[in-house]
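Input: a single structure, listed below in structure tokens.
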Amino acid sequence: MRRSNYFLPTLKENPSEAQIVSHRLMLRAGMIRQAAAGIYSWLPLGCRVLKKIEDIVRHEMDATGAQEILMPTIQPAELWQESGRYDDYGKEMLRINDRHERQLLYGPTHEEVVTDIFRTCVKSYRDLPCNLYQIHWKFRDEVRPRFGVMRGREFFMKDNYSFDLDKVSAVHSYNKMFVAYLRCFARMGLKPIPMRAEAGAIGGDLSHEFIILADTGESEVFCDKKWLDNDPLNIDVNYRSDLQSIVNKWTQFYAATDDKHDPDSCALPDSEIFEGRGIEVGHIFYFGKKYSRAMNATITNADGKEIELEMGSYGIGVSRLVGAIIEANHDSNGIIWPESVAPFRVGIINLRSGDNQCDSACDKLYEELKTVGIEVLYDDRDERAGVKFSDMDLIGVPWQISVGPRNLKNGVVELQRRGQKEIKEEIPVGSILSRFL
RNA sequence: CGGGGUGUAGCGCAGCCUGGUAGCGCAUCUGCUUUGGGAGCAGAGGGUCGGCAGUUCGAAUCUGUCCACCCCGACCA
């Protein structure tokens, strides 16, 4: 992408409405625009990152055997009246009447809709287990939206729903999601910590929330230092085999948020405790028959008996992750994207646009990188070098290639890793491409 | 939903107390000079001062009311 035709409205100054760093940087980097409190438009740069995260999540979900669907954002009130949640959910649910005065709502979650789909379409135990997911918009009318996309009212979320015949199978479905979640967050360059959680409004008796560590996180976290050395990507996963040992391994160490942490009763010595801050980015629930019973979602088992389905639901805040990743990866100059979610992998800075040598060297490099499929942003604007450096740092492109007349005389360009200012490499123009293959 | 705060050009702000018809910086446009970490000079454009209703000869400024947004708390992916 050539910067001169890329819609990227960066800001030099901090918008006054934004307080926390990820919100400020997302506005300054031209990723989002606020339309109303807690409601945002996603501009090209933000959209790219959102889709990168979405793709990682989709890939990991597909690997577990889950199948993607899309359910409506607008739902009929009847389903919620049937489950009993229409009254329970309260003012957080945005309620709408259509022209016929039918009661509708903008979905805050989709247990009711998916249960309705399942009960009418699936009648035999042979079709189980089944896990359906979507990556879609939801709306919760928060009393007080804040922190930009981290706590908006409209948000982009991945939500799965598992259906099983019995509890053993349902727990396996739960464990699959548990492991897949660890992998998702790790692939985004984050340190996930699963914590035993209250099931809250969703209901049920088995639940974990996934917290990622970030210095500027919303809640305080206390955990065993052994967490910091665990890497989920080292797990050799076969989703068909029993996963309980992996889940056990990942829940054996101490971890608690500040409201649950009691220094007096904690068995760990202080020297073993890591004290940090975190952001919740995922939550999984096993809730058994709560909805299948209320909504009469039954199935005939092998013995010809009609039984209620065992269910679970599993959420990842995809749009929240954009903010969370920035909270975990930034410096005073801007965002530092992990490569897996970066909007562009490489940025080319033409230090002297208009200079024939610089222009042609940049053009050539740009075309070469594009040809081999590397996402590259080429700043070809007629701006001063400082403006381009600052902008490229702000939007956090992982690799910066600076092309200027001084170095070009010696046939080299400069390669720099975002976030490691001290390391600058001078590389012959001809061999830069091979660095990215 | 309780408490606090702010609405003036695309962004950041001053002016309001003490009424006299709007200003600064950045950004934008034009020209010249510059060019390796947010350039300099000269010129230009851009505002129903959040909305409505009052007070007044006259309101960004005073009064009332509504709205929007932000912060702290309670609540949450």
Side-chain angles (χ1 to χ4, degrees), chain A residues 9-20 23-24 27-28 30 33-39 57 89-93 107-110 135-160 181 197-202 207-212 218-219 257 259 278-285 313-324 332-334 349-355 358 379 381-394 400-409 412-414 416 421 424 426:
Chain A
T10 55
L11 303 171
K12 198 148 92 175
E13 290 176 278
N14 281 323
S16 60
E17 80 237 34
Q19 297 302 316
I20 63 157
H23 190 194
R24 282 207 302 261
L27 289 166
R28 285 191 51 205
R33 289 275 306 173
Q34 176 164 306
I39 301 177
V57 171
Y89 220 93
K91 288 190 165 175
E92 285 210 338
M93 182 149 72
T109 179
H110 284 71
I135 304 177
H136 212 209
W137 293 97
K138 298 205 181 326
F139 193 93
R140 291 180 196 169
D141 198 1
E142 296 282 343
V143 200
R144 192 184 156 208
R146 60 185 124 171
F147 306 147
V149 299
M150 298 246 287
R151 185 150 169 218
R153 291 191 289 171
E154 189 180 49
F155 56 99
F156 200 48
M157 184 180 180
K158 186 281 313 174
D159 45 322
N160 288 59
Y181 273 39
E198 309 296 332
I202 308 272
S207 175
H208 285 91
E209 56 186 41
F210 289 75
I211 309 268
I212 59 105
E218 56 194 344
S219 51
T257 47
D259 52 314
I279 300 165
E280 183 186 348
V281 290
H283 206 149
I284 61 179
F285 305 89
S313 69
Y314 317 89
I316 288 180
V318 175
S319 48
R320 166 178 280 200
L321 270 166
V322 180
S332 58
N333 294 322
I349 296 175
N350 187 340
L351 293 171
R352 187 79 65 87
S353 293
D355 175 278
C358 286
D379 197 338
R381 292 174 303 170
D382 183 20
E383 289 283 355
R384 300 176 72 82
V387 173
K388 299 186 184 184
F389 284 128
S390 304
D391 243 25
M392 205 60 93
D393 284 350
L394 175 63
Q400 299 178 4
I401 303 171
S402 304
V403 180
R406 215 165 60 199
N407 278 332
L408 225 42
K409 277 202 190 91
V412 298
V413 296
E414 211 166 74
Q416 202 174 339
K421 207 162 196 159
K424 275 186 193 170
E426 288 182 359

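In this text, all values refer to a predicted model and were calculated from it rather than measured experimentally. Labels below follow one simple rule: chain letters A, B, ... track the order of the sequence lines, proteins then strands, and each chain is numbered from 1.
Between A/Arg33 and A/Gly315, it is A/Arg33 whose nearest contact on RNA chain B lies nearer the 5' terminus.
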### Task
Going 5' to 3' through nucleotides 36-46 of chain B, assign each nucleotide B (protein heavy atom under 4.0 Å from a base atom), S (under 4.0 Å only from sugar-phosphate atoms) or - (no protein heavy atom that close).
BBBB-------
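In terms of polar N and O atoms assigned as donor or acceptor, the side chain of A/Glu13 comes within less than 3.5 Å of the base of B/G25 in a complementary pairing. The base of B/C76 does not come close enough to the side chain of A/Arg140 for any donor and acceptor atom to sit less than 3.5 Å apart.
Sequence neighbours left out, the pairs with a member in residues 142-155 of chain A that pass side-chain hydrogen bond (donor to acceptor under 3.5 Å, both in side chains) are A/Asp141-A/Arg153, A/Glu142-A/Arg151.
Between A/Glu209 atom CD and B/C75 atom C1' there is a gap of 14 Å when expressed in whole angstrom units. When rounded to the nearest whole Å, the span between CG of A/Asp382 and C1' of B/U33 equals 14 Å. Put simply, CD on A/Gln19 is 12 Å from P on B/G12, counting in whole angstrom units. The interatomic distance linking A/Phe147 (CZ) with B/C75 (C1') rounds to 13 Å, in whole Å. Here the P atom of nucleotide B/C76 and the NZ atom of A/Lys138 are 19 Å apart, to the nearest Å. Across the protein-nucleic acid pair, A/Arg24 atom CZ and B/C70 atom P stand 15 Å apart, rounded to whole Å. As a whole-Å value, the separation of A/Met93 CE from B/C75 C1' is 17 Å. Rounded to whole Å, the distance from CZ on A/Arg146 to C1' on B/A77 is 14 Å.
Here A/Gln34 reaches the OP1 or OP2 of B/C70: one of its side-chain N or O atoms lies under 4.0 Å away. A close approach under 4.0 Å does occur between a side-chain nitrogen or oxygen of A/Ser16 and OP1 or OP2 of B/C13.
Between the side chain of A/Ser207 and the backbone N or O of A/Ile284 there is at least one donor-acceptor pair closer than 3.5 Å. The main-chain N or O of A/Tyr314 is found under 3.5 Å from a side-chain atom of A/Tyr181 such that the two form a donor-acceptor pair. A side-chain donor-acceptor contact under 3.5 Å links A/Ser353 to the backbone of A/Arg381. Side chain of A/Lys388 to main chain of A/Asn350: a donor-acceptor pair is present (N/O by atom type, distance under 3.5 Å, no hydrogens or angles). Without hydrogens or angle criteria, A/Arg140 side chain to A/Glu92 main chain gives no donor-acceptor distance under 3.5 Å.
Within 4.0 Å of A/Gly38, counting heavy atoms only, lies no atom of the nucleic acid at all. At a threshold of 4.0 angstrom between heavy atoms, the contacts of A/Ala18 with the nucleic acid are absent.
How far NE2 of A/His23 is from CG of A/Asn14: 11.0 Å, rounded to the nearest 0.5 Å. Annotation: the span from A/Lys158 atom NZ to A/Leu321 atom CG amounts to 11.0 Å, rounded to 0.5 Å. The CG atom of A/Leu11 sits 7.5 Å away from atom CZ of A/Arg28, with the distance rounded to the nearest 0.5 Å.
Distance noted for atom P between B/G25 and B/G20: 22 Å (whole Å). Between B/C66 and B/G73, the two C1' atoms lie 26 Å apart (nearest whole Å). If you take atom P in B/G46 and the same atom in B/C24, they sit 15 Å apart, rounded to whole Å. One P atom belongs to B/U6, the other to B/C17, and the distance between them is 15 Å to the nearest Å. Between B/G31 and B/G37, the two P atoms lie 26 Å apart (nearest whole Å). For B/U48 and B/G5, the P atoms lie 28 Å apart once the distance is rounded to whole Å. Comparing B/U28 with B/G47, their C1' atoms are spaced 15 Å from each other, to the whole Å. A gap of 32 Å separates the P atoms of B/U18 and B/G2, to the nearest Å.
Base pairing of B/C49: no nucleotide in any strand meets the Watson-Crick or G-U wobble criterion (both distances under 3.5 Å). Nucleotide B/C24 forms a pair with B/G12, judged by Watson-Crick or G-U wobble geometry with both contacts under 3.5 Å. The pairing partner recorded for B/A60 is none, the criterion being a Watson-Crick or G-U wobble arrangement whose two distances lie under 3.5 angstrom. Using the Watson-Crick or G-U wobble rule with both distances under 3.5 Å, B/U30 pairs with B/A42. Pair check for B/G2 finds B/C72; Watson-Crick or G-U wobble, both atom distances under 3.5 Å.
Proximity of A/Glu280 to A/Ile211: side-chain heavy atoms (C-beta onward) are separated by under 4.5 Å at one or more points. The shortest distance between side-chain heavy atoms of A/Cys358 and A/Leu351 does not fall below 4.5 Å. Side-chain contact between A/Glu383 and A/Asp391: absent, with no pair of heavy atoms (C-beta onward) separated by less than 4.5 Å.
Out of B/A77, B/G12, B/C71, the shortest distance to the side chain of A/Pro15 is found at B/G12.
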Using a cut-off of under 3.5 Å, enumerate the N/O to N/O pairs linking the protein to nucleotides 1-4 of chain B.
from, atom 1, to, atom 2, distance (Å)
B/C1, OP1, A/Lys91, NZ, 3.2

